[in-house]
Amino acid sequence: MLSLSLREVLHLIKTEQISARDLLKKCIERATSVRELNAYITETHELAWSQVGLAPGKSELAGIPIAVKDNFCTRNIPTTCGSKMLDNYVPPYNATVVDRLLTSGAVLMGKTNMDEYAMGCGSIDSRYGPVRNPWKYKFQSSARSSVIIQSKEGPTSGGDWYIAGGSSGGSAVAVATGTCFGALGSDTGGSTRNPASYCGIVGLKPTYGSLSRYGLIPLVNSLDVPGILTKTVDDAALLLRIIAGRDVNDSTTVSESLHLTDLDDQPSVKGLHIGIPKEYNAPGLCGETRRAWEDVANALETAGACVSLVSLPHTQYSINTYSILCACEVASNMARYDGIEFGHRAEGNNMSTESLYAQSRHEGFNEVVRGRIFAGNYFLLRKNYRRYFQQALKVRRLISDDFTKVYGDGVDVLLTPTTLSVALPYSKFSMADNRTRTAEQDYFTQPINMA
Amino acid sequence: MAHYACMFVIRSNQICSRLLNRQLFQCREKFKLPDKPEWIEIDPKALPPETVLDDSTIQLIERLSLVDFNNKEGVERLKSAIKYADQLCVVNTEGLEPMYSVQEHEELFLDEDVVREGNCKQEILRNAVKVEEDYFVTPPGNIPLKQKKLFDKEGS
């Protein structure tokens, strides 16, 4: 039952072939048994039981279990962003997208693990420990033989495991292991698509402005979008339809230009023009990914689509642009964490506000966060503002214009890899620092965030 | 379960308008990527020299950031971030306007000037570690952060 798609399970519930309570029980059993993967920071099984009792069979999501990344505010449930800074933070309100899911009848399985403040691409930089990819994972607990996702080569040995991708790794693992049927993530530079690809599920980054960011603890306001992780594209479309649309609490939401289309049951790609950006054939692209890319292009061409090479000339500069814009906006967004109104407050420091703030923030943030704040403030200094921040914004325009031109020339869909390589083992991934890995793994995903 | 690492970027709201002015693409029998990556090598001479960070700049950034990161490791990290950012100087952006938001051409709605929520003092105060008589509590302000010279500190 747990390997069915959301739509299939919804159909079973609505036709009373299974009950939402039985489904929840199975999901909770599964979540308990794969706890080793560390997908959840906070499990809310008791709450889920109370919610499933209230969700009538006629509601849109009829008691389907979902998970939410821990940077979405959830009323009376701790929301930590994977950080010590918000270890003690319990929001008094729900994020809009969470509210829309719960009002539609979904039940909350828990808050999922993530890189601290969504800064990272491996979900290994969380205060609560790294998230482990279920593929080829060797469980310590002997009761897990029925749930190991088998592959021909068998589980890894020697205690190593594959990274889940990030920063929404917990959400991806939650969906991939069947503990829920859909999860919310966030996507600033690929944080939904990256873990979805590593865990073998679907990750959707909706267009900026189609989903409300109210309640999403911000990383980079001009790039953040709530993301959707599901087993199938159909499920992602179903959830998108429920949570998209204007929100009075987020003035950047637009609904007039939002057109959600329905596809036929057997959609045809005849006549669809698919562009392959040649700059995405980047140094470091691994053989397996490259072959997969070619295979899909050929499969689509065989099915009647027209595939051709296109150019996005400024692709190679987009990761540098992203690093500057991210650092600058982070420096601004993280300024709210002073430990006074909420969050971690250093003990025993009464010398001055500045000293207290510095100590609280030093204790609350990890090195990755502190490093980005530091760099961001450097780029925003008066003497550097034009050279870095404004230059990055101008290059952003060039990148956005690249996409506009390609779509204007008749391309309907761009087909690209998600990451340079397949999921790396943790031992290899952790050999380089967070910034280096972000520069590699976010390479393909962040240009469209900026456009 | 699909195991391909692929991503589709769809702009469905532009499909109809482009039906009228679509170019014809050549369709091949079997698509093949170019063998070599398309990459422009950046000439190291075109890049600015490595930035030298003086003590006063570090202390200024620390005062702005308040993260207690003005140690050797923090400065090395900053230098590496600056070096990475310096690669953008080879891009010609003359005559371009900065792009602050992807919604620069959208008309975003303004909220009505109506009070929708309030009377939530307890909710607002409950997450603060220190509260006294319904006030947030801080040590005295207007005292500059005491900072050591860079080379006095090692590690974090």
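Residue numbers start from 1 in every chain, and the chains themselves are labelled A, B, ... in the order their sequence lines are given, proteins ahead of strands. All values below come from the heavy atoms of this structure, side chains included, with hydrogens, waters and symmetry mates left out.
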Enquirer: Find out whether the Lys NZ or Arg CZ of Arg77(B) is both under 6.0 angstrom from the six-membered ring centre of Phe374(A) and within 45° of the ring's axis.
Expert: no
Enquirer: Of the backbone (N, CA, C, O) and the side chain (C-beta and beyond), which part of Val90(B) lies under 4.5 Å from a heavy atom of chain A, both, or neither?
Expert: side chain
Enquirer: Mind listing the closest non-hydrogen atom pair of Leu398(A) and Val91(B) along with its distance?
Expert: CD1-CG1, 3.7 Å
Enquirer: If you round to the nearest 0.5 Å, how far is OG1 of Thr138(B) from CD of Glu354(A)?
Expert: 11.5 Å
Enquirer: Is chain A contacted by the side chain of Cys89(B), its backbone, both, or neither, given a heavy-atom distance below 4.5 Å?
Expert: backbone
Enquirer: Against chain A, label Thr57(B) side chain, backbone, both or neither, depending on which of its atoms sit under 4.5 Å from a heavy atom there.
Expert: side chain
Enquirer: Can you tell which part of Leu125(B) gets under 4.5 Å to a heavy atom of chain A, answering side chain, backbone, both or neither?
Expert: neither
Enquirer: Look up atom CD1 in Ile61(B) and atom CG in Asn384(A), then write down how far apart they are to the nearest 0.5 Å.
Expert: 8.0 Å
Enquirer: Less than 4.0 angstrom from a charged side-chain N to a carboxylate O is my criterion; do Asp86(B) and Arg387(A) meet it?
Expert: yes
Enquirer: If you measure from the Lys or Arg side-chain nitrogens to the Asp or Glu carboxylate oxygens, is any gap between Glu97(B) and Arg397(A) under 4.0 Å?
Expert: no
Enquirer: Just by distance, no angles: are the side chains of Thr93(B) and Gln391(A) close enough, under 3.5 Å, to form a donor-acceptor pair?
Expert: yes
Enquirer: Checking Ser3(A) against chain B: side chain, backbone, both or neither under 4.5 Å from a heavy atom?
Expert: neither
Enquirer: Under a 4.5 Å cutoff for heavy-atom pairs, which residue among Pro144(B), Pro140(B), Ser101(B), Gly141(B) has the most contacts with chain A?
Expert: Pro140(B)
Enquirer: Would you give the length of the straight line joining atom CD1 of Ile373(A) to atom OG of Ser65(B), rounded to the nearest 0.5 angstrom?
Expert: 7.0 Å
Enquirer: Quick one: OG1 on Thr321(A) to CD on Gln87(B), what's the gap to the nearest 0.5 Å?
Expert: 10.5 Å
Enquirer: Answer with side chain, backbone, both or neither: which region of Glu112(B) has an atom nearer than 4.5 Å to a non-hydrogen atom of chain A?
Expert: neither
